[in-house]
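Scroll down for the structure; my scribbles are underneath it.
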Protein chains: 2
Amino acid sequence: MNGIDLAVSTVIFALRPDADDRLVLSIPLVRRTREPFEGHWALPGGGADAAESLDATAARTLEETTGLTPAYLEQLYCFGEPDRSPSGRVVSIVYWALVRGDEAEQATIDENVAWFPADELPRLAFDHNLIVDYALWRLRNKLEYSRIAHAFLGETFTLTALRQVHEIVLQRPLDPANFRRQIEASRAVVPTGEHVTGGRHRPPRLYRYDATVDLVDRGPLTPAGIR
Amino acid sequence: MNGIDLAVSTVIFALRPDADDRLVLSIPLVRRTREPFEGHWALPGGGADAAESLDATAARTLEETTGLTPAYLEQLYCFGEPDRSPSGRVVSIVYWALVRGDEAEQATIDENVAWFPADELPRLAFDHNLIVDYALWRLRNKLEYSRIAHAFLGETFTLTALRQVHEIVLQRPLDPANFRRQIEASRAVVPTGEHVTGGRHRPPRLYRYDATVDLVDRGPLTPAGIR
DNA sequence: CCAAAAGTGTTAGTTGTACACCCATGT
DNA sequence: ACATGGGTGTACAACTAACACTTTTGG
């Protein structure tokens with residue numbers, strides 16, 4: 001024992017429709033009900049449990065506070081500046097998670113839990129603004145060299161849906177033709193043979209993840225939250 | 001307080017000459033003098049200090065146990081499986097560091113501190129073999145998309161020396177001509193105008209880091225150990 | 001002069017990007 | 001028929017990798 005509290009928090013990302021039905025990269029936050037920072041919004045989390053792995057604590061506290069189950073979960077960074085909490089020394093092990101669109105709809109929403117657009121956050125408790133900035137930076141980087149975008153989508157999806165995930169997260173338009181070829185070349189995805197009907201245009205093919213390809217190369221570490 | 005001990009450890013890398021005077025990627029380890037794992041080699045480190053940042057604790061414990069000062073220091077990962085220490089729950093925040101060749105020669109060496117080739121380690125205490133494997137993976141990845149190789153070298157250096165750093169760490173030969181052009185194109189380095197004389201061949205140019213270019217892009221996080 | 005490493009030039013193959021164009025559907 | 005997004009083809013630029021070649025030193 002050395003007078004240091006150990007906490008686990010998670011930055012959760014989902015793509016949710018806004019008032020105009022456009023998808024927005026969003027983060028659920030919880031309102032603090034006690035000091036310090038009472039009334040401020042903060043990342044969901046909780047104290048570390050002596051009997052539980054850190055991954056498990058992240059998944060559990062995430063579920064307890066928001067009702068969500070992540071499709072992807074990875075440790076982000078450990079924040080431990082001595083002055084980051086006015087109430088004493090707290091070291092936070094922070095995770096980041098991706099949840100699917102349909103899953104995000106089932107999140108607990110009450111006066112103490114709410115979704116915010118990732119790039120329009122209020123002043124958060126502690127150093128949580130910095131933490132979210134870092135998580136956003138990692139998400140955007142990792143999207144470009146891994147297949148994690150799939151974790152935002154359901155079992156099957158069109159390439160247009162996958163491209164829109166990239167476009168929304170990276171905040172820039174992508175050429176549909178070139179995107180298609182990149183994804184096909186990466187072998188991350190296999191056509192189901194089915195099509196989506198009902199649109200006002202040519203029915204797009206449905207694809208499925210190639211489960212034999214890992215979402216991310218994490219080297220010697222066994223991925224925590226890959227399905 | 002929750003019955004969890006918080007420790008900080010560091011994987012330190014340096015390039016040191018072996019018996020045949022060939023440079024080898026090496027790691028200093030300390031021998032444990034008490035249970036658990038008494039007599040086993042382990043990563044240098046120590047308990048977290050309530051008044052000190054994690055970066056500072058890593059730098060301090062690194063200096064206390066090995067006598068080394070790192071040219072580069074970055075947080076690696078936080079390891080916290082419940083069963084990783086037989087003596088109770090320990091969460092380790094692990095850093096990785098690079099030290100320069102001349103600095104490495106000044107390391108404390110006694111019966112309880114010794115250098116090992118990074119790819120020929122004995123069975124280490126706790127999960128430290130996994131940790132070193134992960135640090136190696138990160139080092140090799142990061143070498144390819146950043147300028148951290150410079151942290152192994154002194155103030156000035158030849159491009160051949162820089163290329164040898166890459167070759168040793170990545171364990172494969174690199175084309176000298178293409179390597180030169182890549183480095184020059186990256187603008188990471190500026191010629192000093194001086195040359196190394198005394199070799200049996202054409203005297204190579206000496207280069208210096210371009211201090212206006214960051215070694216690594218760490219996004220919103222301020223780098224810990226960049227000079 | 002010769003060996004060896006420093007440094008430059010050239011070319012072929014690969015990858016990225018822009019954009020023209022055809023395809024299949026609902027209205 | 002036509003608007004709309006799905007999907008294919010193509011051409012050019014940029015980058016990579018392989019390797020021939022020239023330069024400069026010590027012996």
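Hydrogens, waters and symmetry mates are skipped; everything else that's a heavy atom, side chains included, is used. Letters go in sequence order (proteins before strands), and every chain restarts at 1. Only a predicted model underlies this, so the values are computations on that prediction, with no experimental measurement involved.
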Checklist line | N/O (side chain, B:R200) to phosphate O (OP1/OP2, C:dA5) under 4.0 Å | finding: no
Notebook entry, point to check: OP1 or OP2 of D:dT24 less than 4.0 angstrom from a side-chain nitrogen or oxygen of B:R205, does that happen here?
Noted result: no
Distance check needed: [N] [atom2] versus [X] [atom1], whole Å only.
X: A:L174; N: D:dG7; atom1: CG; atom2: C1'; result: 17 Å
X: A:L162; N: D:dG7; atom1: CG; atom2: P; result: 13 Å
X: A:F157; N: D:dG6; atom1: CZ; atom2: C1'; result: 16 Å
X: A:E144; N: C:dG16; atom1: CD; atom2: C1'; result: 13 Å
X: B:I183; N: C:dG7; atom1: CD1; atom2: C1'; result: 15 Å
X: A:E184; N: D:dG9; atom1: CD; atom2: C1'; result: 14 Å
X: A:N178; N: D:dG9; atom1: CG; atom2: P; result: 14 Å
X: A:R180; N: D:dG5; atom1: CZ; atom2: C1'; result: 11 Å

Check: Contact class for A:G199 (heavy atom, under 4.0 Å): base, sugar-phosphate, or nothing?
Finding: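 Since only primed, P, OP1 and OP2 atoms lie under 4.0 Å of A:G199, the category is sugar-phosphate.
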Proximal nucleotide (of [options]) relative to the [X] side chain:
X: A:R202; options: C:dA18, D:dT24, D:dG7; value: D:dG7
X: A:D175; options: D:dG7, D:dA17, C:dA18; value: C:dA18
X: A:H201; options: C:dA6, D:dT4, D:dT24; value: D:dT4
X: A:T160; options: D:dG26, D:dG6, C:dT8; value: D:dG6
X: B:R181; options: D:dC19, C:dT17, D:dG9; value: D:dC19
X: A:P203; options: C:dA6, C:dT25, D:dG6; value: C:dT25

Check: Can you name the side-chain hydrogen bond (donor to acceptor under 3.5 Å, both in side chains) partners of A:R200, sequence neighbours left out?
Finding: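 Residues passing side-chain hydrogen bond (donor to acceptor under 3.5 Å, both in side chains) with A:R200: none at all.
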Kindly assign one of parallel, tilted or perpendicular to the pair [X] and [Y], based on the angle between their ring planes and the thresholds 30° and 60°.
X: A:Y209; Y: A:F157; answer: tilted
X: B:W96; Y: B:F13; answer: perpendicular
X: A:F126; Y: A:H128; answer: tilted

Item checked: salt_bridge(B:R208, B:E155) N-O dist < 4.0 Å -> yes
